[in-house]
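Worksheet: one structure, shown below.
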Amino acid sequence: MDIIVLAIGKTDNPQLSALMQDYENRLKRYISFKFMTIPDIKNRKVLSEKVQKEKESQLLLHQIQPADFLALLDEKGKQSSSREFSAYLQKRMNSGIKKLVFVIGGPYGFGQELHQRSNDRLSLSKMTFSHQMVRLFFLEQLYRAFTILKNEPYHHD
């Protein structure tokens, strides 16, 4: 199985980028992994929130194949512990899915069409995080999940 994380807009903070790269490199020891950044929409400051969400969703949908399992990182999604998330990944791997795509949206979330296409919605917390910080948090949780699955000493209960 391949795991792809799609995100809207580049990460501006070089420290965040360096930490994300570290977790990307760690993940590649466990699974075929790719982090893809979709460029921000031009002139987004003059667009309404709804129009911006729809345009971003269209850009994201172009990166997703019909057979991909699509999970949105959404504040209204299901929350789980790190162990539960590792079980979630194991279940997806056992199901024969070829590509698991996680999507981190822009600051306003996702458009209706992307919600309709999604297979699942996950939430990292009830708290609100910047969409740039979510990238690092999610990569760390992916890495943690694989160390749990491999019974490595990274995670402590």
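Nothing here was measured: the structure is a model prediction, and the numbers come from that model.
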Mind listing the closest non-hydrogen atom pair of [X] and [Y] along with its distance?
{"X": "Met1", "Y": "Met93", "answer": "CE-CG, 3.3 Å"}
{"X": "Glu56", "Y": "Gly109", "answer": "OE1-O, 4.1 Å"}
{"X": "Ala7", "Y": "Arg135", "answer": "CB-CZ, 3.7 Å"}
{"X": "Lys55", "Y": "Leu47", "answer": "CD-CD1, 3.8 Å"}
{"X": "Ser57", "Y": "Leu114", "answer": "OG-CB, 3.6 Å"}
{"X": "Phe33", "Y": "Lys28", "answer": "O-CE, 3.5 Å"}

Hey, does [Y] have a side-chain heavy atom less than 4.5 Å from the side chain of [X]?
{"X": "Val103", "Y": "Phe110", "value": "yes"}
{"X": "Lys34", "Y": "Glu24", "value": "no"}
{"X": "Ile41", "Y": "Leu59", "value": "yes"}
{"X": "Ile64", "Y": "Lys99", "value": "no"}

Sub-3.5 Å donor-acceptor pair from the side chain of [X] to the main-chain atoms of [Y], do we have one?
{"X": "Ser32", "Y": "Asp2", "value": "no"}
{"X": "Gln132", "Y": "Asp12", "value": "yes"}
{"X": "Gln63", "Y": "Leu6", "value": "no"}
{"X": "Asp68", "Y": "Leu70", "value": "no"}
{"X": "Arg29", "Y": "Asn25", "value": "no"}
{"X": "Glu84", "Y": "Ser81", "value": "yes"}

Residues forming a side chain to side chain contact (heavy atoms under 4.5 Å, CB included) with Asp120, sequence neighbours excluded: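 Only Phe69, Ala71, Lys78, Tyr88, Arg92, Leu122 meet the side chain to side chain contact (heavy atoms under 4.5 Å, CB included) criterion with Asp120.
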Validation: residues 140-150 side-chain donor-acceptor distances under 3.5 Å, sequence neighbours left out:
from	atom 1	to	atom 2	distance (Å)
Glu140	OE2	Arg144	NE	3.1
Glu140	OE2	Arg144	NH2	2.8
Glu140	OE2	Tyr154	OH	2.8
Gln141	OE1	Ser82	OG	2.7
Arg144	NH1	His155	ND1	3.1
Thr147	OG1	Arg144	O	2.7

Separation of Asn13 CG from Met133 CE (nearest 0.5 Å): 8.5 Å
Does the pair Ser123 and Lys126 meet the rule for a side chain to side chain contact (heavy atoms under 4.5 Å, CB included), with working shown? CA-CA 7 Å; Ser123 173; Lys126 289 182 180 181; over 6 Å; no
Side chain to side chain donor-acceptor pair (under 3.5 Å) between Gln112 and Glu54: does it pass, once the steps are laid out? CA-CA 7 Å; Gln112 188 63 30; Glu54 294 301 329; over 6 Å; no
Evaluate side chain to side chain donor-acceptor pair (under 3.5 Å) for Arg117 paired with Asn119, printing each intermediate quantity in order. CA-CA 7 Å; Arg117 166 58 182 88; Asn119 300 98; 3.2 Å; yes
Report the residues that fulfil ring-ring contact (aromatic ring centres under 6.0 Å, His included) with Phe102, sequence neighbours left out, ordered by chain and then residue number. Phe138
